[in-house]
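Data first, discussion second: the structure below is written as structure tokens.
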Protein chains: 2
Amino acid sequence: MKVSPTTDELPFLVLAAANALVESVQSAMAHAGYTDLRPAHGFAFVRLAGAGCTVGQLADHLGVTKQAASKLVDELARQDYVARSPHPDDGRAVLVVLSDKGRAATRAASQAATDAVSVWASALEPGRIEQISYDLSLLAGNSGVRPTW
Amino acid sequence: MKVSPTTDELPFLVLAAANALVESVQSAMAHAGYTDLRPAHGFAFVRLAGAGCTVGQLADHLGVTKQAASKLVDELARQDYVARSPHPDDGRAVLVVLSDKGRAATRAASQAATDAVSVWASALEPGRIEQISYDLSLLAGNSGVRPTW
DNA sequence: CCCTTTCGTCAACTAAATTGACTATATAGT
DNA sequence: ACTATATAGTCAATTTAGTTGACGAAAGGG
């Protein structure tokens, strides 16, 4: 099958764009004083926002084992970003919830991400963003946000 | 600043699209029998294709230390994907070049990536790909392809 | 020629995941 | 109600992919 030269570069562009985005958020967070948070923590916050979730659900979201998720929660709890609370419906389970500090960090990260794409969006023709969102959602399928590599 | 709901999801879409792409290539490679290669190796092949490069150049390309790159080359050499040859111009340097097997793997990976975006492209309106390439290149800036997280 | 820098590798250590084993709780079958 | 099995989470040991530090060999500039 014949493809345009552009098509060949596209995989690299998608990768590079994702990197640029994460680096931008990471840099903004570091600048805001959150030097003890890595991107993986940000991905966890996404799932924890709202009512929180169990360790197992967090593990599924991140695409790692329950043990790894448990360690991540340990870390975040030690730094006061989250708290473990007993699960109301299941005595075995642990409900992990964001603390005030955790919610503040989540807001900062979310804002940083929105800023990054806003700057980008302003460099594009109006309406292009909606197109791109739709197009990317086709490529994304049901993949999670967490890179497994 | 006010942003559309779409803008908020965009960061996740970009990440998910990148993941889907890498997973697709990885899966195709595994299916083709390359079960001993990880995405990091693929990123190395990109740089090695053509005349090859030194360990230091590879390290720069991958965004890791020279020591880490040296280990990666060890691994690839043990599996016969690359060979170390003396550098023609610099007695200290090592020129790392792809073997026949390495070139075959590189072609397979490249084809898998092209296939993935081709399938995607065929689901989009004609001409949209060129727009997306341009738009993504703005977001990508000069970021490399290798995630540092 | 030295003196300094650069290229690559060896070694030891670290970070973040894995697999395996175990306890406590929940749930299904009889 | 009682036993059997499955599930949630954690502890421990191991693996993996990277790091920092130290070094020898070759290059290059006073």
Side-chain angles (χ1 to χ4, degrees), chain A residues 19 22-23 26 30 35-45 47-48 51-79 81-97 144-149, chain B residues 19 22-23 26 30 35-45 47-48 51-79 81-97 144-149:
Chain A
N19 281 341
V22 173
E23 274 163 29
Q26 187 66 11
T35 51
D36 53 357
L37 290 176
R38 287 169 292 124
H41 299 133
F43 294 130
F45 288 166
R47 183 64 180 80
L48 292 169
C53 69
T54 68
V55 172
Q57 289 172 328
L58 184 59
D60 284 347
H61 175 74
L62 297 177
V64 298
T65 58
K66 282 189 303 180
Q67 292 90 327
S70 182
K71 278 208 225 169
L72 196 80
V73 170
D74 269 354
E75 216 181 313
L76 289 172
R78 226 179 307 112
Q79 299 167 301
Y81 287 105
V82 305
R84 285 184 166 97
S85 71
H87 195 287
D89 303 339
D90 189 335
R92 299 165 299 178
V94 169
L95 188 59
V96 182
V97 291
V145 290
R146 181 83 200 293
T148 42
W149 9 313
Chain B
N19 281 339
V22 173
E23 275 164 29
Q26 186 66 12
T35 51
D36 53 357
L37 291 175
R38 287 169 292 123
H41 299 133
F43 294 130
F45 288 166
R47 184 65 180 81
L48 292 170
C53 69
T54 68
V55 172
Q57 290 171 328
L58 184 59
D60 284 347
H61 174 74
L62 296 176
V64 298
T65 59
K66 281 189 303 181
Q67 292 90 327
S70 182
K71 278 207 227 173
L72 197 79
V73 170
D74 268 354
E75 216 181 313
L76 289 173
R78 226 179 307 112
Q79 300 168 297
Y81 287 106
V82 305
R84 286 183 164 97
S85 70
H87 195 285
D89 304 337
D90 189 334
R92 300 164 299 176
V94 168
L95 188 59
V96 183
V97 292
V145 290
R146 181 82 199 295
T148 41
W149 12 310

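Each chain gets a letter, A, B and so on, in the order its sequence line appears, and its residues count up from 1.
Taking only side-chain nitrogens and oxygens, B:S70 never comes nearer than 4.0 Å to OP1 or OP2 of C:dG8. Checking the phosphate oxygens (OP1, OP2) of D:dA17, a side-chain nitrogen or oxygen of B:R38 falls inside 4.0 Å. Listed pair B:T54 / C:dC7 fails the phosphate criterion, with no side-chain N or O lying under 4.0 Å from OP1 or OP2. For A:R84, no side-chain nitrogen or oxygen approaches OP1 or OP2 of D:dG9 to under 4.0 Å.
Between the NZ atom of A:K66 and the C1' atom of D:dA8 there is a distance of 5 Å, given to the nearest Å. Rounded to whole Å, the distance from CD on A:E75 to P on C:dT14 is 16 Å. Rounded to an integer number of Å, the gap from CG of B:L76 to P of C:dG8 is 16 Å. With rounding to whole Å, B:R92 atom CZ is found 4 Å from C:dT6 atom C1'. Atom CG in B:L72 sits roughly 17 Å away from atom C1' in C:dC10 (whole-Å rounding). Rounded to an integer number of Å, the gap from B:H87 NE2 to C:dG8 C1' is 13 Å. For the pair B:L58 CG and C:dC7 C1', the interatomic distance rounds to 14 Å; values are reported in whole Å. Residue B:D74 contributes atom CG, which lies 15 Å from atom C1' of C:dC7 at whole-angstrom precision.
Position along DNA chain D of the nearest nucleotide to A:L95 versus B:D89 favours A:L95 as the more 5'-ward residue. Projected onto DNA chain C by closest heavy-atom contact, B:V94 and A:D90 fall at different nucleotides, the more 5' of which corresponds to B:V94.
Considering only heavy atoms from C-beta on, B:L48 stays 4.5 Å or farther from B:H41 through its side chain. Using a 4.5 Å heavy-atom cutoff, the side chains of B:T54 and B:K66 are not in contact. Counting heavy atoms from C-beta outward, A:K71 and A:E75 have side chains that stay 4.5 Å or more apart.
Distance from the side chain of B:Q67 is smallest for C:dT9 among the nucleotides D:dA8, C:dT9, D:dA26. Set against D:dG18, C:dT18, D:dT10, the side chain of A:A68 has C:dT18 as its closest nucleotide. Residue B:T65 places its side chain closer to D:dT20 than to any other of C:dT18, C:dA26, D:dT20.
Within the nucleic acid shown, B:A93 comes within 4.0 Å of sugar-phosphate atoms alone, with no base atom in reach, counting heavy atoms only.
Contact annotation: side chain of A:K71 to base of C:dA17, donor-acceptor pair present below 3.5 Å.
Remark: side-chain polar atoms of A:H61 are paired, donor with acceptor, to backbone N or O of A:F43 under 3.5 angstrom. At least one donor-acceptor pair closer than 3.5 Å links the side chain of B:Q26 to the backbone N or O of B:L37.
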